[in-house]
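Just so it is clear: chains get the letters A, B, ... in the order the sequence lines come, proteins before strands, and each one is counted from 1.
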Number of protein chains: 2
Amino acid sequence: MIDARLITLRVFARCGTIGATAELTGYSPSAVSAQLRELQRVLGMQLLTKDGRGVRLTATGRFLVAGSDPLIAQWESLRAAAMEAGDQVQPHFGIGGFSSAAAQLLAPLAATLRSTRPELEVQVLEADPARCFDLLVAERIDLAVIVAMQSDSYGEDDPRFEQTVLLDDPLDVIIPGNHPLASRSSVTLDELASEPWITEAAGSTYHSLFTAAFTAVGVTPRIAHEAVEWETLIAFVGAGLGVGLLPRLAPLHGADNVVRLRITGKGKPARRIVAAVRRGSITSPLIQESLGILQANADRILTARLEEEDH
Amino acid sequence: MIDARLITLRVFARCGTIGATAELTGYSPSAVSAQLRELQRVLGMQLLTKDGRGVRLTATGRFLVAGSDPLIAQWESLRAAAMEAGDQVQPHFGIGGFSSAAAQLLAPLAATLRSTRPELEVQVLEADPARCFDLLVAERIDLAVIVAMQSDSYGEDDPRFEQTVLLDDPLDVIIPGNHPLASRSSVTLDELASEPWITEAAGSTYHSLFTAAFTAVGVTPRIAHEAVEWETLIAFVGAGLGVGLLPRLAPLHGADNVVRLRITGKGKPARRIVAAVRRGSITSPLIQESLGILQANADRILTARLEEEDH
DNA sequence: GATAACCATGCAAAATAGGTGCATGATCGA
DNA sequence: TCGATCATGCACCTATTTTGCATGGTTATC
């Protein structure tokens with residue numbers, strides 16, 4: 001119920017360029033430019049200034065954007081309370097999450113909602129955590145599932161969002177099936193210290209988890225290969241190129257020559273998966289229901305994962 | 001920056017009928033109907049129900065309207081703060097007031113603003129106090145000048161408005177120029193107890209002031225005639241039909257055979273004139289400036305009135 | 001109990017706001 | 001200097017919104 005042009009301005013405050021704002025909101029750059037100009041005209045405020053080949057928020061613009069945070073939150077809160085009090089159903093629901101969450105958690109959630117609320121139009125967007133926050137601001141999605149990142153530009157206390165922990169997803173070790181330890185059900189990271197490791201490129205979300213896990217046990221692993229997708233990582237391991245860490249949420253789905261081992265000992269790495277919503281909307285019945293479904297699914301998957309892969 | 005359809009819903013909550021909402025907002029009834037239907041569709045809430053030949057808010061609708069009060073206030077507050085912080089100028093400014101206020105206070109205010117802020121488009125609407133509040137809700141005007149009414153449906157602490165006292169406008173007595181007391185400069189109400197009085201129809205704003213003035217001194221005046229406009233009242237007095245009470249703010253502008261006398265004694269009736277704005281907007285520089293101009297003008301008129309009419 | 005007044009709404013047509021795509025100009029990095 | 005990037009203006013188009021009138025249902029009046 002907040003004017004779309006103000007939302008656009010808020011997205012611009014995140015992106016810094018008209019083009020990126022257009023991409024994120026789904027408009028064309030011309031439309032964003034026109035919207036922001038119109039916003040300035042209606043409000044009688046100068047919100048943007050030319051800055052080199054781009055534009056930049058004025059002090060007034062920054063002030064307005066910052067001040068609009070509680071406004072958005074209050075609207076979300078009101079909307080949620082009205083939905084709850086009136087037992088109403090909203091027509092559209094957008095959810096977003098990073099790759100493994102999208103596949104493992106969001107897809108089942110969408111399926112469940114589709115059956116329990118047939119009239120609800122659910123849209124799922126796969127996007128990395130940073131983009132998920134942007135999509136929340138842009139109101140393209142209403143709920144995001146992300147991995148908690150300490151180095152994130154979105155703090156826990158950001159006035160725009162509310163976050164709740166969904167689960168701590170433990171990292172397992174995957175090793176080739178013909179590896180000497182393959183018959184074990186669990187290992188310690190020490191036992192694999194001398195193995196060639198496969199990880200993601202330095203700087204990625206996963207890589208920081210990787211290093212954190214080994215610094216916890218005081219071991220410096222040798223990084224032999226790099227992969228981006230879990231699929232690739234699993235294939236590398238299956239080909240005997242090395243060993244790797246795989247979140248328990250990520251499925252092996254019958255990969256050849258790969259076994260998953262639980263990690264024991266003092267280094268028990270895990271990635272924290274949290275759900276994020278726009279502040280104020282947390283009490284919405286639809287979001288509450290979704291959080292419940294997500295958590296139930298997560299628990300179910302985590303407990304079932306090891307059993308099903310151990311035949 | 002709040003969606004126009006929510007504003008329309010808020011106006012409807014005041015009026016109760018689509019037609020009245022249309023009249024107040026400036027839309028056609030069909031447009032209002034379509035807007036409210038669209039609002040329900042977008043929010044996924046049922047806000048209206050059929051009720052006889054009209055429609056009525058549902059519980060959800062009432063909840064939403066009540067809850068939107070602080071939302072509007074917060075936006076107004078943010079807007080005002082941004083205007084102040086950024087030294088910006090808004091393009092449009094609507095002011096409204098009842099007849100004598102419109103002529104005596106709003107017209108000069110508009111003229112002043114026109115010269116000090118040439119780029120500002122000022123619109124003046126004459127409307128009775130109740131309608132002024134509705135126009136504020138409908139965002140047709142940003143500032144209203146009204147007479148404070150205890151019997152008003154808009155309390156002093158209404159979450160939608162903020163009110164500041166502009167002035168206490170004393171009521172003077174006007175009598176025919178050939179009346180025995182015409183040479184006096186002031187009278188008490190007791191001295192005029194036996195005169196035939198001219199007032200407005202019972203139930204009007206002015207009438208309650210009239211009766212309050214006389215109950216304060218314990219006299220029951222004889223009401224001989226009724227008039228609606230000050231013009232008419234003055235003409236009646238000039239024709240020798242009786243005497244009347246005239247706010248000092250209302251000008252005689254050279255009426256024949258009429259003199260204005262100050263009232264002394266314990267019964268010193270006055271009408272309280274207050275400025276009302278949407279809650280949150282009181283800190284807006286434009287509104288602050290306007291309030292200052294209004295108050296200065298009011299003081300100037302009040303002090304000048306008696307002198308100029310005493311030649 | 002019939003008639004008139006009132007109220008909301010559906011529909012077709014018109015108006016208008018808003019969006020797209022391309023071209024342009026300006027700026028920055030190589 | 002050249003190419004890349006970015007914002008914006010313009011012409012065209014789309015889609016939303018509004019209007020005016022007609023309709024159906026409801027209440028008040030006589």
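The nearest whole Å value for the distance from the CZ atom in A/R53 to the P atom in C/dT27 is 11 Å. Remark: P of D/dA7 and NZ of A/K50 are 10 Å apart, rounded to the nearest angstrom. Rounded to whole angstrom, the span from the CZ atom of A/R56 across to the C1' atom of C/dT27 amounts to 15 Å. When rounded to the nearest whole Å, the span between OH of B/Y27 and C1' of C/dA8 equals 19 Å. Going from atom CG of A/D3 over to atom C1' of C/dA17 covers 13 Å, rounded to whole Å. In this structure, B/I18 places its CD1 atom 16 Å from C1' of D/dG24, rounding to the nearest Å.
When each of A/R10, A/R160, A/Q74 is tested with A/D69 by the rule side-chain hydrogen bond (donor to acceptor under 3.5 Å, both in side chains), just one qualifies, namely A/R10.
With C/dG18, D/dT8, C/dA8 as the choices, the nucleotide that has an atom nearest any side-chain atom of A/R5 turns out to be C/dG18. Comparing C/dT9, D/dT17, D/dT19 against the side chain of B/S28 picks out D/dT19 as the nearest.
Within 3.5 Å, a donor on the side chain of A/S30 pairs with an acceptor on the base of C/dG21, or the reverse. Not a single donor-acceptor contact under 3.5 angstrom links the side-chain atoms of A/S33 to the base of D/dG9.
Side-chain atoms of A/E76 do not come within 3.5 Å of backbone N or O of A/R279 as any donor-acceptor pair.
Pairing each heavy atom of B/G280 with each of B/E162, the nearest pair is N-OE1, 2.9 Å.
The side chain of A/Q35 contributes an N or O atom lying less than 4.0 Å from OP1 or OP2 of C/dG19. Taking side-chain N and O atoms only, B/R37 has a distance below 4.0 Å to OP1 or OP2 of C/dG10.
Judged purely by distance below 3.5 Å, without hydrogens or angles, the side chains of A/E84 and A/T283 never pair a donor atom with an acceptor atom.
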